[in-house]
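Values in this document were obtained by computation on a predicted structure and should not be read as measured data.
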Amino acid sequence: MPSEIVPDEDIPQLHLILVDPRNHQRSLEDVSAHLPLGLALRGCHSLAAAETYLAPSGQNYLLLPVNKNVFSTLHQLQTHDPLTGVGNRQFFYNHLQQELRQLDIQHSLALISLDIDNFSSLNHQYGHDAGDRLVAALAKRLRKCKNGLYLSRIGGDEFALLLKTPAGDLARRSVKTFIEEIISRLLPAFQLDEREIPLFCSIGVALAPQQQTEFDALIRCSSLARKRAKRLRGHSYAIFDDRQDHTSHHLIDLEPELWKALQQQEFTLFYQPRVCLRSGEICGAEALIRWQHPERGLITPDTFIPIAERSGLIVPIGYWVIERAGRDLKRLTAAGLQGHLGVNLSFRQFQDGYLANTIERLIQQQDINTSMLEFELTETALFSDEHHVRQCMETLGALGVEFSLDDFGTGYSSFSMLQKLPISTLKIDKSFVAGIGQNSDDEEIVRTIISLAKNLQKKVIAEGVETPQQLAFLQHLNCPLAQGYAFSPPVDLDTFLELLNQPNLLAQCL
């Protein structure tokens with residue numbers, strides 16, 4: 001268990017005002033000696049004096065009245081989250097260990113963790129103060145759930161609580177009933193000033209003793225289950241399953257190998273064709289990284305890119321991708337490739353202040369034909385730092401590079417971003433394409449995006465096309481370009497060069 005509480009970087013720093021009319025200096029010294037990291041402290045003898053700090057500063061202040069005894073006040077500060085009033089990380093971890101020690105054969109213990117989907121996008125859209133208010137409102141609703149124990153905020157938007165259940169088969173039934181109550185509490189939209197904001201949450205569950213009895217392992221299993229739940233839309237939950245979460249569990253140790261993989265050139269690029277839905281010809285491609293691990297075989301980006309983003313290694317890996325794609329583009333162009341070559345840029349890459357300069361240098365070194373180079377961005381990247389992102393896009397756009405917006409329709413503010421940033425292409429997310437023929441709402445979203453793109457004079461590409469029915473629907477709407485397994489999976493460079501010789505990829509789909 002960590003010995004101290006490290007504040008989450010997403011949470012604005014709090015300044016505490018200790019209001020103690022009796023023994024101000026002594027109380028101030030006692031509390032200062034035991035404060036968690038990142039909390040600043042002022043002392044006042046009265047509430048009137050404290051008010052002088054509040055209005056003009058714009059800082060986040062918390063009044064801390066000392067009513068009876070400074071040590072009871074200090075205990076509250078050390079065990080509870082100042083923003084929400086629920087327990088903090090140390091409080092939760094202490095009680096989790098205590099409950100695990102006391103667990104008997106007649107009971108199971110469910111560790112339930114929950115966080116907000118796309119919380120960073122909400123922060124960028126509405127501001128950190130609004131994000132804090134939403135987190136506080138979420139905590140208020142969670143506190144109303146019956147039978148949950150030790151509700152605590154253990155991260156910026158992450159909460160955890162425990163549920164005691166009967167042992168055996170009844171444990172899962174009890175957990176599902178409790179989660180249904182949580183979701184019912186979360187369904188109404190949250191009020192933020194005059195706006196109504198729906199918050200969608202992902203929930204992960206781990207059971208003791210069925211799955212783990214060790215403190216750290218139980219937390220890890222709950223987190224892995226929550227990550228699996230994030231693959232679903234809306235409020236979602238998952239109970240840890242070793243068969244489904246086994247891969248994630250054993251790939252945690254991949255992080256130390258990523259830097260070695262970059263040094264020893266274990267990465268490679270695959271290419272997936274973009275197909276013109278009128279002629280059936282290949283009119284571009286998307287470059288997709290793969291890891292040729294010497295022991296594990298070919299590892300897909302869904303496995304290692306999140307690890308690379310978390311560790312920061314996505315920045316040098318991203319530059320390697322641009323350099324290799326630029327080198328391969330010469331062979332692709334010589335073989336007759338028309339259109340653009342799409343290369344993904346991660347939101348973490350935009351945290352590098354030298355991004356535009358480094359890419360410009362790589363373009364010059366590799367003599368990359370920028371008229372065929374396209375960077376694919378997600379909304380997360382756009383929200384990472386709007387001013388910096390715009391500067392980078394304008395710098396690279398001046399060199400002839402184009403930009404596409406990936407996974408369009410799945411985020412919060414794509415429509416406003418289309419007016420602000422030099423985005424030339426919209427990519428319809430594959431989740432909507434998958435709903436063609438099955439879900440009328442998805443079909444309407446696809447229809448709307450294609451119409452919007454045409455009205456804004458932007459290109460549009462449908463991702464994830466797999467069936468003749470999906471292809472026919474897109475052709476009926478005059479969608480110009482598509483990519484997906486109906487035409488070809490991502491393939492290595494040599495195989496892609498062979499695909500360029502095929503006159504019509506539509507024929508194999510119909």
Side-chain angles (χ1 to χ4, degrees), residues 1-11 14 34-39 62 72-104 107-116 119 131-132 134-165 171 174-175 178-179 181-183 185-186 199 201-227 229 237-240:
M1 184 186 73
S3 58
E4 59 187 19
I5 304 169
V6 180
D8 193 300
E9 293 181 355
D10 288 336
I11 305 172
L14 282 171
H34 296 86
L35 273 180
L37 293 178
L39 296 180
L62 174 69
S72 64
T73 303
L74 180 59
H75 175 73
Q76 178 76 8
L77 177 65
Q78 289 179 323
T79 59
H80 285 71
D81 172 49
L83 176 66
T84 62
V86 301
N88 59 20
R89 185 186 292 116
Q90 181 176 341
F91 170 85
F92 182 76
Y93 287 177
N94 285 339
H95 282 285
L96 173 58
Q97 292 184 88
Q98 179 180 333
E99 291 293 335
L100 287 173
R101 287 194 297 266
Q102 297 176 354
L103 196 60
D104 57 51
H107 294 89
S108 293
L109 185 69
L111 167 56
I112 301 170
S113 63
L114 172 152
D115 66 2
I116 301 172
F119 183 64
D132 284 350
L134 288 171
V135 168
L138 174 61
K140 186 176 180 180
R141 293 194 188 182
L142 292 174
R143 293 179 80 161
K144 295 179 181 179
C145 295
K146 300 176 182 178
N147 301 322
L149 301 173
Y150 311 120
L151 174 65
S152 301
R153 181 184 180 214
I154 61 175
D157 64 317
E158 183 180 354
F159 292 85
L161 68 162
L162 301 178
L163 179 71
K164 281 187 176 180
T165 73
S174 299
V175 166
F178 183 69
I179 290 177
E181 181 187 356
I182 292 178
I183 292 176
R185 300 279 185 187
L186 302 182
L199 288 187
C201 295
S202 298
I203 303 170
V205 183
L207 294 168
Q210 292 95 319
Q211 292 155 352
Q212 287 290 343
T213 56
E214 294 296 325
F215 159 76
D216 289 332
L218 197 66
I219 293 173
R220 185 167 61 249
C221 289
S222 175
S223 297
L224 289 171
R226 190 174 73 248
K227 289 179 182 178
Y237 78 94
I239 299 175
F240 180 80

Nearest 0.5 Å, please: how far is [atom2] in [Y] from [atom1] in [X]?
X      : Y      : atom1 : atom2 : value
Asp132 : Leu83  : CG    : CG    : 5.0 Å
Asp81  : Arg153 : CG    : CZ    : 4.5 Å
Leu199 : Phe119 : CG    : CZ    : 8.5 Å
Phe240 : Leu207 : CZ    : CG    : 10.5 Å
Ser223 : Leu218 : OG    : CG    : 10.0 Å
Ser113 : Ile219 : OG    : CD1   : 9.5 Å

Which residues pass the side chain to side chain donor-acceptor pair (under 3.5 Å) test with [X], not counting sequence neighbours?
X      : result
Ser152 : none
Thr165 : none
Ser108 : Gln210

**Request:** Start with the C-alpha distance between Ile112 and Ile203, add both sets of side-chain angles, then the distance that settles side chain to side chain contact (heavy atoms under 4.5 Å, CB included), and finish with yes or no.
**Result:** CA-CA 7 Å; Ile112 301 170; Ile203 303 170; 3.6 Å; yes
**Item:** Test side-chain contact (heavy atoms from CB on, under 4.5 Å) applied to Ile179 and Leu114, Leu163, Val205, the passing residue
**Value:**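 Going through Leu114, Leu163, Val205 one by one, the side-chain contact (heavy atoms from CB on, under 4.5 Å) with Ile179 is satisfied by Val205 alone.
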**Request:** Check whether any side-chain heavy atom of Leu142 lies under 4.5 Å from a side-chain heavy atom of Leu161, and answer yes or no.
**Result:**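 Heavy-atom side-chain distance check fails, nothing below 4.5 Å.
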**Asked** In terms of side-chain heavy atoms, does Ser202 have a donor or acceptor partner in Arg226 at a distance below 3.5 Å?
**Response**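 Ser202 vs Arg226: no donor-acceptor pair found between side chains.
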**Request:** Using the six-membered ring wherever Trp is involved, compare the ring planes of Tyr150 and Phe91 and label them parallel, tilted or perpendicular (cut-offs 30° and 60°).
**Result:**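 The rings of Tyr150 and Phe91 stand perpendicular, inter-plane angle above 60°.
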**Prompt:** Do side-chain atoms of Asn94 reach the backbone of Gln97 as a donor and acceptor pair under 3.5 angstrom?
**Reply:**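 Between the backbone of Gln97 and the side chain of Asn94 there is no qualifying donor-acceptor contact (under 3.5 Å).
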**Request:** With sequence neighbours left out, write down each residue that passes salt bridge (charged side-chain N to carboxylate O under 4.0 Å, His left out) with Arg185, or none if nothing qualifies.
**Result:**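 So Arg185 forms a salt bridge (charged side-chain N to carboxylate O under 4.0 Å, His left out) with Glu181.
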**Prompt:** Residues in ring-ring contact (aromatic ring centres under 6.0 Å, His included) with Tyr237, at least two apart?
**Reply:**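 Expected list: none.
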**Message:** For Phe159 and Val135: C-alpha separation, side-chain torsions, deciding distance, then whether side chain to side chain contact (heavy atoms under 4.5 Å, CB included) applies.
**Reply:** CA-CA 10 Å; Phe159 292 85; Val135 168; 3.7 Å; yes
**Request:** With sequence neighbours left out, write down each residue that passes side-chain contact (heavy atoms from CB on, under 4.5 Å) with Lys164, or none if nothing qualifies.
**Result:**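 Once residues adjacent in sequence are excluded, the partners of Lys164 under the side-chain contact (heavy atoms from CB on, under 4.5 Å) criterion are Glu99, Leu109, Leu149.
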